[in-house]
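Comments concern the structure below.
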Amino acid sequence: MRVCHGEIARWMEPLGAQVRIDAAGNFRGVYPALQPNAPRLMIGSHLDTVPNAGAYDGILGVVLAIGLLQELRGRRLPFAIEVVGFSEEEGVRFGTPFIGSRALVGRLDQQLLGVQDARGISVRNAIEDFGLKIDQLSQAELARDTLGYLEFHIEQGPVLEKLNLPLSAVEATVGQSRLEFTFLGRANHAGTTPMHLRCDAIAGAAEWITTVEREALKVPGLVATVGKIEAKPGATNVIAGEARLALDVRHSTDETRLRAVENLIRQAREVAARRGLSVRESTLLSQHAVAMDPFLIAEIEKAIVKTGCQSHRMASGAGHDAMILAEKVPSAMIFLRTPGGISHDPAESVAREDVEKAIECGLHLLDQLASSPEFYKRKNLA
Ligand code: GLV
Ligand code: MN
Ligand code: MN
């Protein structure tokens, strides 16, 4: 991350930008406005990624923001542009996503600072180990004069490719829950313990995983995933005494998502009880669905049309920092078509022409906003 920060700082500084790393490990670079003390527009995405990832989820949005500034070719606007490269959006290390962006809205709280990674290192310690100061977290918060947040991101799904469209405005991002389940049984010898006398934590977890899939299939639009499982003690000839699983549940309607989570917890308890196991769960995230800002959506659609493309709006099934920023500032996103709809995988890609279209669209959008009285009325609730 440090190398990455250094690299993008090297791209931004020659444009006249002031760069810093805030106390939550987010990259921040401010491209000045025509006049001092002008308000600002924030543009960015996240710099972290998932294990065995592709090259574009997140980082494309940061690179694109810098590309936009380069394409301004020294031109300044009536507002400054703050480029942000968020840390810890995916939630890989601590199980909880959006840690960097939560700092901008003042929600990197004591509880979140205490969350630990697999090695027992807390968010607080990780921040300090990186050389940052917890007592300066308030300096990571959004500047009061922030008029909006804009995020370019790959779609990460097949919709735009199917429609043969390079770009789309995002109208909303779906809500998501993340939970950790631990099934506890009794570790024992795999050769000497008869099948009917076992308390096998992995077998119980496996039964519940197929229940998750079956239950999710019953609810239109619901997605539920067990993407991670760890068992202890973890040997071929030992019945597992413990199985720990990560559950991810998403739906555009919060009520449906919460009902599904309750149902899956109940099912886990039933499976465990029937098998003589115990199960406990903890909720790491319950993020409600978030609508993007209607004014910015409309402006994005106009800008897309100006690039010669058909305008389109769609919901995002993936989570984004824009969901968090939207709590405090008008926020919006632009999706780029994702070849094959593949993401969170090394095969993830993006077409060069689509990136060029996105930059062209971004330049139109900046000009539209620069001359829109409505834009300057935008309120930062920070
Ligand atoms: C982020 O990629 C998420 O939607 O989990
Ligand atoms: Mn991702
Ligand atoms: Mn992402």
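The first residue in the sequence is number 1, and the count goes up from there. Note that ligands are numbered from 1 as they come in the structure, with each ligand's atoms numbered from 1 the same way.
Remark: ligand 1 and Ala318 share no N or O pair separated by less than 3.5 Å (distance only, no angle test). Note: an N/O pair closer than 3.5 Å links His344 and ligand 1 by distance alone. Here's the thing with Glu90: one of its N/O atoms is less than 3.5 angstrom from an N/O atom of ligand 1.
Between Phe375 and Phe79, the ring center distance clears the sub-6.0 Å criterion.
Residue contacts with ligand 1 include Arg178, since one or more of its heavy atoms lies under 4.0 Å from the ligand. Put simply, part of Arg250 is less than 4.0 Å from ligand 1, judged by heavy atoms.
At a cut-off of 2.8 Å, Glu90 does not coordinate the Mn ion (ligand 3) through any N, O or S atom. At a cut-off of 2.8 Å, Asp57 coordinates the Mn ion (ligand 2) through an N, O or S atom. When distances to the Mn ion (ligand 3) are checked against a cut-off of 2.8 Å, His153 contributes an N, O or S atom below that limit.
Take the N/O/S atoms of His344: the one nearest the Mn ion (ligand 2) is NE2.
Ion pairing between a basic and an acidic side chain is recognised when a charged N comes within 4.0 Å of a carboxylate O; Glu356 and Arg352 show such pairing. Ion pairing between Asp321 and Arg102 fails under the 4.0 Å rule for side-chain N and carboxylate O.
Short contacts between ligand 1 and Gly319, defined as distances under 4.0 Å to a heavy atom of the residue, involve ligand atoms 1 (C), 3 (C), 4 (O).
Annotation for Glu151 and Ala322: closest pair OE1-N, 3.2 Å, computed over non-hydrogen atoms. Between Met333 and His320, the closest heavy-atom pair is CE-CG, 3.3 Å.
Arg280 CZ: 12 or fewer foreign heavy atoms inside a 6.0 Å radius.
Taking the six-membered ring where tryptophan is involved, the planes of Trp208 and Phe181 are tilted, since the angle between them lies from 30° to 60°.
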